[in-house]
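Quick notes on the structure that follows.
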Amino acid sequence: MSDTGQEHYEAVVVGAGPGGAAAAATLANYGVETLVLERGVEAGSKNVSGGLIYAEESAPYTIDDLFPGFREEAAERPITEYFLHNVAGRDVKTFDLTDLHEHDTEWSDAVLRRKMDSWLAERVHEKTRETGGGLLSGVRVNGLLRENGRIVGVTCDELDPITADIVVAADGVNSELARDAGLMNWEHPEQWFQGVKAVVDVPGDVITERFGVGEGEGVAHLFSGDLFQDVRGGGFLYTNQESLSIGTVFHLDSLVAEQAEPHELLNGLLTHPLLAEWLGDDYTEIEYSAKLVPDSKKVALREPHKDRLVVVGDAAGQMQAQGPIIKGMNHAVSAGALAAEAFAEAKSRNSPETAGELYAQKLRAEGVMQKLRPRGYDAVSAVGERGAVANLTDSLLTSPVGRIGVRLLGGQLERLYNTPALSMMVPDTRTPYVTLPTIIAEELGTPVTDENTVEPPSLEERIGDLTYDTDIGNPHIRLRDNSFEASGAAVTACPVSAVDFGGGCYREETMQTNGHEERVVSLDTQPCVECGTCAIVADTEWNHPRGGKGVEFTQG
């Protein structure tokens with residue numbers, strides 16, 4: 001107990017994803033009394049990921065170092081091949097990007113978050129119980145506890161306030177703790193991506209045959225070009241043991257600007273002729289999901305700490321999305337373990353209050369921050385992302401001279417795409433996501449002759465197949481301004497909403513006011529998948545549902 005009579009632990013870790021698990025396990029290894037609080041009914045039930053976790057050779061920690069047996073018990077297939085498909089209509093030019101993805105890579109595995117996180121949570125619970133703590137699920141941490149203006153613990157919906165010598169916020173991309181501390185905000189759509197995913201049922205032996213991989217091996221396919229309605233981003237397909245993870249990731253500001261609907265963009269990938277040979281004629285979708293993804297190049301916190309609070313993983317913007325390289329969970333693992341290491345060192349010096357500053361130093365010293373916020377990107381983006389420069393680049397590429405250049409480069413393009421330094425400098429413009437891959441496919445590609453017979457489920461069916469425990473009478477999102485001007489972007493950007501669809505979260509309506517028609521937006525949080533999109537594109541008051549309430553993912 002603390003001096004104030006409140007329950008006290010040396011460390012409180014909020015969130016049992018890979019970052020929180022790494023932090024908790026490392027704290028326990030140092031003998032630190034650690035309590036882990038997870039808002040889902042089970043770890044992983046609230047989490048979504050595209051699906052690849054890396055172990056980098058240069059990383060200070062890897063998930064299998066901290067949790068022996070991880071790859072055998074918690075992962076799906078090891079990924080041994082990586083391909084990028086440049087698409088223009090039916091024309092496709094494929095590059096082998098295995099060299100790029102294997103740069104600084106010890107191994108890479110496909111994962112499904114429910115399976116992975118729940119396995120990690122069992123080990124974390126065992127470890128933390130040995131030091132007087134443990135893991136509690138179904139508990140939503142709703143804010144930071146302060147004394148004399150300084151952070152000293154956390155407040156919860158289901159428990160009395162808890163004090164701690166260190167609080168590790170590993171509560172995901174929609175972190176309420178990072179926002180409460182003033183470290184993160186949701187004001188700029190250009191700082192975020194939105195990912196939407198379908199998990200598709202395919203037997204393991206069929207995957208081996210259709211993808212031409214060995215037993216126990218897998219492959220990653222990425223997609224860019226003109227198949228996504230000019231939205232900046234791309235698609236992915238990863239092979240699991242008995243399923244496929246297929247999805248799209250787009251810059252949120254581009255999604256809003258094009259008024260594109262996420263589920264339709266996903267369907268555009270699922271129904272493309274290129275996927276016909278992999279999906280076959282019997283398409284069964286297991287789960288539809290979505291999440292926000294921070295763009296670390298813009299938002300990764302250089303000083304992810306305040307008072308006794310340290311922030312790790314998506315909550316700290318630690319998601320590396322640079323061209324065809326998308327890495328997040330591995331950085332969360334490194335950050336979580338480094339935060340724990342910093343606290344243990346600070347405690348041994350009788351100055352636990354210096355843990356946050358030491359954690360930030362370790363992120364820099366271990367090279368994590370350089371990966372998340374590469375200096376090369378800062379230099380290129382300062383010029384390359386200016387509207388006039390980006391438009392000029394696109395105009396040049398689409399001109400006869402530009403097309404001749406693409407043809408002349410030919411086989412050199414694959415080598416350039418495999419250059420790690422170049423991938424870290426990809427600007428966030430239409431050029432690398434839409435214009436260039438489309439021209440590559442048009443000039444160098446060959447037509448796909450297969451016919452795709454896939455009929456994706458409707459949005460209504462996808463929502464209906466999800467599991468919800470609705471917190472009746474306690475909506476976790478409230479519209480502050482229901483005018484279409486303030487909140488109308490959510491009608492198309494929300495992954496479970498759409499124009500003329502009455503079963504989603506956001507719906508456009510017309511109201512008669514003093515003889516004038518007014519476009520307004522209504523909200524129903526029941527179908528919400530808790531991605532956080534509307535918190536950025538609409539004028540809302542956004543929080544997570546109470547512990548165990550809301551959507552429950554079975555795959556993630």
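Heads up: numbering here begins at 1 and tracks the sequence.
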Minimum heavy-atom separation for [X] to [Y], with atom names?
X: Leu338; Y: Val368; answer: CD1-CG2, 4.4 Å
X: Asn47; Y: Phe553; answer: O-CD1, 4.2 Å
X: Lys371; Y: His331; answer: CD-CE1, 3.8 Å
X: Thr34; Y: Leu27; answer: OG1-CB, 3.4 Å
X: Arg462; Y: Pro456; answer: NH2-CB, 3.6 Å
X: Val299; Y: Gly317; answer: CG2-CA, 4.1 Å

Quick one: salt bridge (charged side-chain N to carboxylate O under 4.0 Å, His left out) partners of [X], sequence neighbours excluded?
X: Lys197; value: none
X: Glu552; value: Arg114
X: Asp465; value: none
X: Glu353; value: none

For [range], which residue pairs qualify under salt bridge (charged side-chain N to carboxylate O under 4.0 Å, His left out), counting only residues two or more places apart or in two chains?
range: residues 483-508; value: Arg507-Asp524, Glu508-Arg519
range: residues 185-196; value: none
range: residues 151-171; value: Arg140-Asp157
range: residues 319-335; value: Glu56-Lys327

How long is the gap from [atom1] on [X] to [atom2] on [Y], to the nearest 0.5 Å?
X: Cys494; Y: Ile477; atom1: SG; atom2: CD1; result: 8.0 Å
X: Ser296; Y: Ile326; atom1: OG; atom2: CD1; result: 11.0 Å
X: Asp180; Y: Thr155; atom1: CG; atom2: OG1; result: 7.5 Å
X: Glu287; Y: Ser243; atom1: CD; atom2: OG; result: 10.0 Å

Side-chain donor-acceptor pair present, [X], [Y], cut-off under 3.5 Å:
X: Ser522; Y: Glu509; answer: yes
X: Asn240; Y: Ser245; answer: yes
X: Gln194; Y: Thr533; answer: yes
X: Gln6; Y: His8; answer: no
X: Thr431; Y: Asp394; answer: yes

- Message: Could you work out, with side chain to side chain contact (heavy atoms under 4.5 Å, CB included) as the rule, every residue matching Asp295, not counting sequence neighbours?
- Response: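 Partners of Asp295 under the side chain to side chain contact (heavy atoms under 4.5 Å, CB included) test: Phe193, His251, Lys297, Lys298, Asp428.
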- Tell me, please, which residues at least two apart from Tyr238 pass ring-ring contact (aromatic ring centres under 6.0 Å, His included).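 Tyr238 satisfies ring-ring contact (aromatic ring centres under 6.0 Å, His included) with Phe236 only.
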- Message: Holding to ring-ring contact (aromatic ring centres under 6.0 Å, His included), I want the full list of residues that pass it with Tyr9, two or more places apart in sequence or in another chain.
- Response: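 With neighbours one apart ignored, the set is empty.
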- Message: Under 6.0 Å between ring centres: does that hold for Trp542 and His544?
- Response: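 Ring centroids of Trp542 and His544 are less than 6.0 Å from each other.
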Main-chain N/O of [Y] paired to [X] side chain as donor or acceptor, under 3.5 Å:
X: Ser118; Y: Lys115; result: yes
X: Ser487; Y: Asn482; result: no
X: Tyr359; Y: Val311; result: yes

- Apply the test salt bridge (Lys or Arg N to Asp or Glu O under 4.0 Å) to residues Glu530 and Arg39: give CA-CA distance (whole Å), side-chain angles for both, the deciding distance (0.1 Å), then the verdict. CA-CA 13 Å; Glu530 300 166 33; Arg39 70 183 179 90; 3.1 Å; yes
- Item | Worked check of side chain to side chain contact (heavy atoms under 4.5 Å, CB included) between Val310 and Phe343 | CA-CA 10 Å; Val310 295; Phe343 175 73; over 6 Å; no
- Item | Pairs where residues 253-264 contributes a residue and the test side chain to side chain donor-acceptor pair (under 3.5 Å) is met, not counting sequence neighbours |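 Matches after skipping sequence neighbours: Arg232-Asp253.
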